[in-house]
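Because only heavy atoms are used, hydrogens play no part in the values below, and waters and symmetry mates are left out as well, while side chains stay in.
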Amino acid sequence: MSIVPATAATIADAAALLSAGKLVAFPTETVYGLGGDAADDNAVAAIFAAKGRPTFNPLIVHGPGLSSFETSVVIDDRARLLASLFWPGPLTMVLPRHAKSTVSLLASAGLDSIAVRVPSHPVALALLRATSVLVAGPSANPSGRISPTTAQHVADGLADRVAMILDGGPCAVGVESTVIDLCGRRPTLLRPGGITLEALRDALGSVDIAGPVQPDGPRSPGMLSSHYAPALPVRLNARDAKPGEALLAFGPHDGAALNLSPSADLAEAAANLFAMLRALDDARYQAIAVAPIPESGLGLAINDRLRRAAAPRPSGKTLLP
Ligand code: AMP
Ligand code: MG
């Protein structure tokens with residue numbers, strides 16, 4: 001790890017590191033971000049590993065402009081309007097995943113939507129312009145520690161977890177980005193932040209405010225599902241598949257439908273988790289059986305998501321009318 005002052009040359013180096021799958025910390029107008037190639041499952045798994053979070057929260061995907069997201073998310077007129085008014089700036093839009101999207105499913109925690117933003121900090125923008133990839137990035141601090149507003153804060157918390165820390169000076173201490181969900185017919189504010197609700201209402205006419213989150217409530221059209229759950233029932237801590245089940249293995253196994261990591265590597269398992277759950281979640285099977293995952297490191301976050309996926313759902317497979 002090294003702290004380097006942000007210059008044209010070091011920004012070019014950082015861009016190359018990102019394209020090579022490495023993690024780079026960079027300043028934004030809010031806090032320092034921990035960036036990795038959003039399309040690279042391993043880089044995204046490394047972000048979660050570095051943060052040491054016990055759960056996978058969906059990450060914001062950063063790009064240099066609206067057009068950089070054109071094949072990642074479905075951009076409608078509302079999104080175009082908000083982008084023209086508030087980008088670059090502290091507004092994050094949650095939009096439906098594009099059929100051609102290559103963004104890692106781990107970055108969106110398995111959801112069918114992706115959160116996108118164009119930051120206004122000149123170093124962040126220069127980095128995003130210089131690299132060929134979209135950059136997934138949460139704040140560059142270990143889970144539970146305060147958000148980093150200087151390069152030294154990042155170094156204190158993440159030391160050898162990042163390939164480079166681009167020093168752009170202290171962040172203008174700001175609030176987080178506003179998060180608005182545009183996946184449904186009615187725009188919904190998910191998190192207040194730098195762009196005000198009034199400004200969004202002026203632009204869009206009306207904006208709902210997300211109600212209390214019901215983590216395991218029924219999913220219905222128009223309701224944001226807060227986490228990914230397969231349609232099929234999920235059985236945890238399975239050693240083998242019962243008839244009709246697809247086994248999602250971890251570690252060496254001969255009879256598995258898919259294997260999260262034949263070598264029992266938790267980062268590889270995290271990288272594969274959502275894509276493999278989705279691949280097995282279809283009519284060929286009646287249930288998904290998942291092998292035991294160790295409760296350590298990234299295993300905590302993997303097990304958290306698996307437990308949520310396995311939790312009984314009141315509406316079962318059916319979406320409400
Ligand atoms: P942070 O990176 O700490 O600024 O937080 C990102 C915020 O965006 C969190 O509140 C996430 O829950 C939210 N977010 C990111 N992606 C999605 C998504 N696909 N759907 C809903 N919320 C999202
Ligand atoms: Mg944070």
Side-chain angles (χ1 to χ4, degrees), residues 1-38 40 43-44 46-53 57-66 68-69 83 86-93 107 115-179 191 193-195:
M1 176 281 304
S2 57
I3 298 182
V4 297
T7 64
T10 56
I11 287 171
D13 291 345
L17 287 169
L18 286 170
S19 315
K22 307 285 187 220
L23 304 190
V24 170
F26 61 97
T28 76
E29 66 271 34
T30 57
V31 297
Y32 274 74
L34 176 60
D37 177 356
D40 180 340
V44 176
I47 292 174
F48 284 111
K51 288 197 57 100
R53 240 187 214 166
N57 292 338
L59 304 177
I60 296 173
V61 175
H62 301 81
L66 180 64
S68 63
F69 302 120
F86 303 115
W87 278 359
L91 178 70
T92 297
M93 296 194 242
V116 292
R117 174 165 109 85
V118 178
S120 67
H121 193 289
V123 172
L125 263 184
L127 176 64
L128 293 167
R129 288 193 182 118
T131 184
S132 54
V133 302
L134 294 175
V135 176
S139 53
N141 56 316
S143 177
R145 303 261 291 272
I146 58 156
S147 286
T149 53
T150 66
Q152 189 58 48
H153 290 164
V154 181
D156 294 345
L158 297 176
D160 45 3
R161 297 289 201 152
V162 286
M164 185 189 280
I165 301 171
L166 272 181
D167 190 350
C171 302
V173 180
V175 283
E176 298 172 297
S177 64
T178 300
V179 182
R191 179 177 81 184
I195 302 296

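For the side-chain hydrogen bond (donor to acceptor under 3.5 Å, both in side chains) test, residues two or more places apart in sequence or in another chain that qualify with Ser120 are Glu29. Residues passing the side-chain contact (heavy atoms from CB on, under 4.5 Å) test with Arg191, sequence neighbours excluded: Ile60, Glu176, Ser177, Val179.
Taking each heavy atom of Leu59 and Gly137 in turn, the nearest pair found is CB-N, 4.5 Å. When all heavy atoms of Pro148 and Asn141 are compared, the closest pair comes out as CD-CB, 3.7 Å. Residues Gly35 and Ile47 come closest through the heavy atom pair C-CD1, 4.2 Å. His62 and Ala136 make their closest contact through ND1-C, 4.5 Å (heavy atoms, listed as atom of the first residue, atom of the second, distance). Between Arg145 and Gly157, the shortest heavy-atom distance links the atoms NH2-CA, 3.8 Å. Taking both residues in full, the closest heavy atoms of Val116 and Trp87 are given as O-CZ2, 3.4 Å, listed atom of the first, atom of the second, then distance.
Each of Thr178, Thr92, Leu91 was checked for a side chain to side chain contact (heavy atoms under 4.5 Å, CB included) with Arg117, and the lone residue meeting it is Thr92.
Expressed to the nearest 0.5 Å, how far CD1 of Ile11 lies from CZ of Arg129 amounts to 10.5 Å. Expressed to the nearest 0.5 Å, how far CD1 of Ile165 lies from CZ of Phe26 amounts to 13.0 Å. Between atom CG of residue Asp13 and atom OG1 of residue Thr7 there is a gap of 7.5 Å, rounded to the nearest 0.5 Å. Here the OG1 atom belonging to Thr150 is positioned 8.0 Å from the CG atom belonging to Asp167, to the nearest 0.5 angstrom.
Distance alone, capped at 3.5 Å, places no donor-acceptor pair between the Lys51 side chain and the Ala140 backbone. No side-chain donor-acceptor contact under 3.5 Å links Ser2 to the backbone of Val4. In this structure a side-chain-to-backbone donor-acceptor pair under 3.5 Å is missing from Thr149 to Pro170. Although no hydrogens or angles enter the test, the distance criterion places no donor-acceptor pair under 3.5 Å between the side chain of Tyr32 and the main chain of Cys171.
Counting heavy atoms from C-beta on, the side chains of Thr30 and Ser139 never come closer than 4.5 Å.
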What donor-acceptor contacts under 3.5 angstrom involve side-chain atoms of residues 14-23, with partners at least two apart or in another chain?
{"from": "Ser19", "atom 1": "OG", "to": "Ala15", "atom 2": "O", "distance (Å)": "2.9"}
{"from": "Ser19", "atom 1": "OG", "to": "Thr131", "atom 2": "OG1", "distance (Å)": "3.4"}

